[in-house]
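Here's the structure we're looking at; comments come further down.
All values below come from the heavy atoms of this structure, side chains included, with hydrogens, waters and symmetry mates left out. Everything quoted here is computed from the prediction, not taken from an experiment.
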Amino acid sequence: MGLLIFVTVLWAFSFSLIGEFLAGRVDSDFAVLTRVVLAALVFLPLTRWRGVPGGLKLGVLVTGMLQFGVTYLCLYRSFSYLTVPEVLLFTIFTPLYVTLIDDALYRRFSPIALVAAAVATLGAGIIRYDGLGQVGYKHTMMRFPTELPAYRTFGYFFFGALIIALPSFLIFGDASRLPTTSLQWGILAWLGLAASGIGLFLWNRGACHVDAGTLAIMNNMLVPAGLLVNLVIWNRDADLLRLAIGGGVIALSLWLNARFHPRARLAV
């Protein structure tokens, strides 16, 4: 849980940095590719190539393709049409997907987890209502247990994302819209090394130690956290009462899940 909270704070700044300094200025495919390459370079010297089960390699690879490659390409494109708060709003349904996919993988249905996720979605919706890959890593690690430290195999996650990001830039990228300032390069470096390299590793490790309901709810903590950063630093308009009420509802969903949902299988 502590890891998820830490990464939530880390990622809360990412939305505003992308929206304020990169969107509309730097080609979105290049921005994603840069993040993927930098994150991959962090784990490249740590990656174990031999003695790793093939299923584990493939599972982490596919998770990276979906959770980082496809998701982030879509995320960056959304900033061309939406404001930072609006992008955050459209992430509020993630908990429902996370919970349902997790149940499907376990071949079970957890009504309490789904209710908690729905309450979290409601809370996030309250905050900004003005008129999948998330569980893949956890299940891969559970299905292919290994004595290797997790950082020894997480490089495959970013290699999978590279399989998506590189062709996307080569096909759809605009080479005339590369970063032009040291600030833009610096933000991309921070997003690639810290938010992606460190953040995604810690988030997925944290996901292995909580049940699907908690993971789903923590996804929506990004909404109040991201809006708060956007408000405090960039002075964007936000309804503080809505923010407080919605955040309270999300906190209630965490309590509901912790109180009534039976613990998931043993953490990895």
What residues, two or more places apart in sequence or in another chain, satisfy side chain to side chain contact (heavy atoms under 4.5 Å, CB included) together with [X]?
X: S14; result: W11, W190, L191, A195
X: L202; result: L3, F6, V7, I198
X: V42; result: L193
X: L162; result: L33, V36, V37, L166

Nearest heavy atoms of [X] and [Y], plus distance in Å:
X: S16; Y: V229; result: OG-CG1, 4.2 Å
X: L188; Y: P179; result: CD1-CG, 3.5 Å
X: F68; Y: S196; result: CZ-OG, 3.5 Å

For L73 and I164, run side chain to side chain contact (heavy atoms under 4.5 Å, CB included): C-alpha distance rounded to whole Å, both residues' side-chain angles, the deciding distance at 0.1 Å, then the answer.
-> CA-CA 9 Å; L73 285 171; I164 300 295; 3.5 Å; yes
Can you tell me if D27 uses its side chain to pair, donor with acceptor, with the backbone of D174 under 3.5 Å?
->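 Answer holds: yes.
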Does K138 reach the main-chain N or O of V210 with its side chain, forming a donor-acceptor pair under 3.5 Å?
->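 Yes: the side chain of K138 pairs with the backbone of V210.
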Below 4.5 Å, heavy atoms only, C-beta onward: do [X] and [Y] meet side chain to side chain?
X: M141; Y: N204; result: no
X: Q184; Y: R25; result: yes
X: L178; Y: V26; result: no
X: L61; Y: I163; result: yes

Salt bridge (Lys or Arg N to Asp or Glu O under 4.0 Å) contacts touching residues 46-72 (sequence neighbours left out) |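 Passing the test, one end in residues 46-72: no pairs.
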Among residues two or more places apart or on two chains, list those pairs meeting ring-ring contact (aromatic ring centres under 6.0 Å, His included) that have a residue in residues 160-180.
->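 Sorted pair list: F30-F169.
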Decide yes or no on ring pair (Phe, Tyr, Trp, His ring centres under 6.0 Å) for W49 and F159, but give the supporting numbers first.
-> CA-CA 12 Å; W49 303 100; F159 305 151; 5.6 Å; yes
Set of ring pair (Phe, Tyr, Trp, His ring centres under 6.0 Å) partners for F154, sequence neighbours left out |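 Result, ring pair (Phe, Tyr, Trp, His ring centres under 6.0 Å) vs F154: F43, Y137, F157, F158, F201.
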Before giving the answer on side chain to side chain contact (heavy atoms under 4.5 Å, CB included), spell out for Q67 and Y72 the whole-Å C-alpha distance, their side-chain angles and the decisive distance to 0.1 Å.
-> CA-CA 8 Å; Q67 188 179 336; Y72 275 65; 6.0 Å; no
CZ/R35 to CG/L22 distance, rounded to the nearest 0.5 angstrom?
->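 Reported value, rounded in 0.5 Å steps: 9.0 Å.
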Taking only residues two or more places apart in sequence or in another chain, which ones pass side chain to side chain donor-acceptor pair (under 3.5 Å) with S182?
->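 S182: no side chain to side chain donor-acceptor pair (under 3.5 Å) contacts found.
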Residue pairs fulfilling side-chain hydrogen bond (donor to acceptor under 3.5 Å, both in side chains) with at least one residue in residues 143-169, sequence neighbours excluded =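 Those involving residues 143-169 are D29-S168.
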